[in-house]
Amino acid sequence: MAHSQGTTQMFYALTESQEYWKSKVNLFVALAPITRLDHTTNGLLSFFAGAVSLVGNTLTLFHVYDLFGSGTSVLTKGVCGIIPQFCQLMEGFVITHDPSLDSEDRFQVYMGHFPAGASVQSLWHYAQNINAHNMQLFDWGSESLNEQKYGQATPPIVLL
């Protein structure tokens, strides 16, 4: 998914606002740092961005805080062993639009680790950044919560 994108964004945001991390990490190498997600072609992120409030609030209501966890990997291994075309279709939705570029020899190994899991809050944050057309810290959904977390009514923008 967009794990490396999110890691780069979060690390940048942390080091910009918290001295603690600056003192603990002396080198962070980010290949092709991503600071905006609004041009993503990822199907899952685009879907989540289009329905961020509905999906996020529904998942929170049912106490679902992560997606595609360890139980999903076991299911994925079984299904991909029987119907590899289904897994290629899912891979196209979540990761790449052209699964034919993937090595067929390594596909089963790759799908054995897919999906790796994602927190709902991370997906919600990605969706907020897609919709805001910038990189900002997580919007807690109300001015009072943002004020409590950040000392201002809106989440701080990290990069435009």
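To the nearest 0.5 Å, the span separating CZ on F138 from CG on L145 amounts to 10.0 Å. Rounded to the nearest 0.5 angstrom, S46 OG and Y126 OH are separated by 14.0 Å. Between the CG atom of N131 and the NE2 atom of H133 there is a distance of 7.0 Å, given to the nearest 0.5 Å. Summarising the geometry, atom CD belonging to Q128 is positioned 9.5 Å from atom CZ belonging to F48; distances are rounded to the nearest 0.5 Å. Distance check, rounded to the nearest 0.5 Å: CG of L45 to CD1 of I130 gives 5.0 Å.
Remark: the backbone N or O of Q152 is not paired with any side-chain donor or acceptor of N146 at under 3.5 angstrom.
Taking 4.5 Å as the limit, every side-chain heavy atom of D38 sits out of range of all side-chain heavy atoms of N129.
Considering every non-hydrogen atom in both A127 and A49, the closest pair reads CB-CA, 3.5 Å. Among all heavy-atom pairs drawn from D66 and V120, the shortest one is N-CG2, 3.8 Å. Here the closest non-hydrogen pair linking Q136 and P155 is NE2-CG, 3.6 Å. Between D139 and G141, the shortest heavy-atom contact is OD1-N, 2.9 Å. Contact detail for H125 and L137: the closest heavy-atom pair is NE2-C, 3.5 Å.
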Side-chain atoms of residues 50-61: list all donor-acceptor pairs with protein atoms under 3.5 Å, sequence neighbours left out, distances to 0.1 Å.
residue : atom : partner : partner atom : Å
N57     : ND2  : S53     : O            : 3.0
T58     : OG1  : L54     : O            : 2.6
T60     : OG1  : G56     : O            : 2.9

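When hydrophobic clusters are built by joining Ile, Leu, Val, Met, Phe, Trp and Tyr residues whose side-chain heavy atoms come closer than 4.5 Å, directly or via intermediates, Y65 is not grouped with F62.
Other residues, nucleotides and ligands contribute more than 12 heavy atoms inside 6.0 Å of the CD atom of E147.
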